[in-house]
Amino acid sequence: MEPITIPSLQVENIAPGTRVLLRASLNVPLEGGAVSNTFRLRESLETIESLAHTGARVVVCAHIGRAKTESLLPVWDAMKKESDLPIYFATDVCGSDATKKAATLKNGEVLLLENVRQEAGEETNDPVFAKKLASFGDVYVNDAFPDSHRAHASVVGVPALLPHFMGPNFAREYVALERARTPESPSLAIVGGAKLETKEPLLRTLLSLYDSVFVGGALANEFYKAQGYEVGKSLISGKETSAGALLKSGKVQVPEDVVVQTTLGKKEVRDASEVLADDIIYDIGPRSLETLKKTIAEARFILWNGPMGNFEAGYDEGTFSVAKFVAESSATSVVGGGDTVAAIERLGNAKDYTHVSSAGGAMLDFIGNGTIAGVEALK
Ligand code: ADP
Ligand code: MG
């Protein structure tokens with residue numbers, strides 16, 4: 001493992017009265033204007049609470065949703081319900097309300113700033129905006145690994161201006177994903193899901209770092225196509241992919257059989273080379289699962305990203321079986337990806353993996369490229 005060159009937050013070294021600017025990951029799911037799942041929020045609150053309990057004045061900066069107009073107000077409501085801390089909300093990011101409330105914050109109190117992406121300077125990493133944001137803290141803590149693949153002001157601009165540390169949630173992701181780049185042999189990477197274009201850097205890296213790379217899900221369709229197999233009406237990327245070039249590594253393993261939906265809407269198992277023109281490949285087949293089960297049982301390190309099939313539509317045998325095999329294995333296991341984690345949450349066995357990453361795209365980028373902008377900014 002590479003030596004960790006990023007300073008970790010040690011709350012006992014934070015003197016009472018210290019103003020801490022915390023970049024938190026608060027992009028939690030909302031339903032009907034309220035937070036629908038508080039699990040991720042609890043993780044952020046643990047960091048906030050530990051800082052507040054040492055007497056720090058905590059200014060929390062985060063984003064929510066895709067639209068810049070979205071508000072963190074529902075997250076504030078949920079935070080107040082989940083915590084006994086005095087938590088205030090600023091209706092702007094660094095305007096008059098935030099400035100006034102930050103200035104009157106007392107030891108042990110928390111101020112949540114409005115969605116940082118409401119400020120245009122966030123995404124452009126505008127130095128003037130970064131300076132304003134930095135003025136709220138004596139130190140900066142980044143606890144938002146899932147948001148740290150973006151070179152935004154709150155991720156890279158502010159740490160250039162303040163003493164900086166990684167928070168505990170950031171550190172957990174960083175350590176686990178570093179480990180996934182230096183896997184013990186025999187190592188196995190299982191990659192599924194869709195959109196090979198977005199997973200190419202990841203796959204390329206995994207082919208160089210892992211002993212075996214198993215490709216399932218809609219990604220496998222690209223490899224079937226590159227081999228000249230019929231894929232019928234299955235999901236494939238409209239774009240040119242490098243599937244052919246990746247196959248040349250000789251390491252890519254694709255499922256030998258698949259579950260298809262026929263024109264009659266029935267589920268059938270077929271050899272991967274015998275898919276019909278009207279079939280839709282929706283899952284990996286039982287023989288592939290048997291083979292994969294053995295490889296999983298022999299592995300000492302397993303990385304898994306991407307569902308094996310269209311599990312949301314009932315083609316879930318492949319995904320749920322892989323989830324169970326990996327959970328039951330004695331290997332170190334790192335599992336991640338938005339939809340993969342959703343599948344694991346349905347099974348409810350998250351605690352049976354060494355690490356379940358909540359970093360989504362940041363995880364793919366970190367493993368694929370070896371680093372992300374927010375990690376570099378803390379070094
Ligand atoms: P993650 O978010 O875990 O990285 P992706 O975003 O790459 O995963 O892909 C997940 C999506 O891919 C899921 O919605 C799943 O239904 C879909 N998928 C996987 N295999 C297939 C398939 N054979 N046909 C259609 N969709 C598939
Ligand atoms: Mg996804």
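Residue indices begin at 1 and follow the sequence shown. Counting convention: from 1, in listed order, for ligands and their atoms alike.
Atoms of ligand 1 lying under 4.0 Å from at least one heavy atom of Thr340, given by number and element, are 1 (P), 3 (O). Counting the atoms of ligand 1 from 1 in the order shown, those under 4.0 Å from a heavy atom of Gly338 are 1 (P), 2 (O), 3 (O). For ligand 1, the atoms lying closer than 4.0 Å to a non-hydrogen atom of Ile281 are 22 (C), 23 (N), 24 (N). Of all the atoms in ligand 1, the ones that sit under 4.0 Å from a non-hydrogen atom of Glu312 are 13 (C), 14 (O), 15 (C), 16 (O). Each of the following atoms of ligand 1 lies closer than 4.0 Å to a heavy atom of Gly337: 1 (P), 2 (O), 3 (O), 4 (O).
Taking the centre of each ring, Phe145 and Phe366 come in below the 6.0 Å mark.
Contacts of Tyr315 with ligand 1, taken as heavy-atom pairs under 4.0 Å, are absent altogether.
Across Gly309, Gly336, Gly217, Ala194, heavy-atom proximity to atom 18 (N) of ligand 1 is greatest for Gly309.
When distances from the Mg ion (ligand 2) to the N, O or S atoms of Asp339 are compared, OD2 comes out shortest.
Checked against a 3.5 angstrom limit, the closest N/O atoms of Asp283 and ligand 1 fall outside it. The shortest N or O to N or O distance between Pro307 and ligand 1 is not below 3.5 Å.
Salt bridge status for Arg117 with Glu122: absent, with no side-chain N to carboxylate O gap under 4.0 Å. Ion pairing of Arg42 with Glu82 is present here, as a side-chain N (NZ or NE/NH1/NH2) and a carboxylate O approach within less than 4.0 Å. For the pair Arg23 and Asp143, the salt-bridge criterion is not met [side-chain N within less than 4.0 Å of a carboxylate O]. The pair Glu184-Arg179 meets the salt-bridge criterion, with a side-chain N (NZ, NE, NH1 or NH2) lying under 4.0 Å from an Asp/Glu carboxylate O.
Among protein heavy atoms, the minimum distance from atom 7 (O) of ligand 1 is reached at Lys199 NZ, 2.7 Å. Looking only at heavy atoms of the protein, atom 6 (O) of ligand 1 is closest to Asp339 OD2, 3.0 Å. Counting protein heavy atoms only, atom 25 (C) of ligand 1 is closest to Leu235 CD2, 3.8 Å. Of the protein's non-hydrogen atoms, Ala218 N, 3.5 Å is the one closest to atom 21 (C) of ligand 1.
Defined by atom type and a distance below 3.5 Å, a donor-acceptor pair is missing between the side-chain atoms of Thr69 and Gln118. Side-chain atoms of Arg204 and Ser242 include a donor-acceptor pair closer than 3.5 Å. Between Glu197 and Ser237, the side chains place a donor N or O and an acceptor N or O closer than 3.5 Å (distance only, hydrogens not considered).
Annotation: cation-pi pair Lys267/Tyr315 present, NZ/CZ under 6.0 Å from the ring centroid and within 45° of its normal.
At a 4.0 Å cut-off, not a single heavy atom of Lys195 sits close enough to ligand 1 to count as contact.
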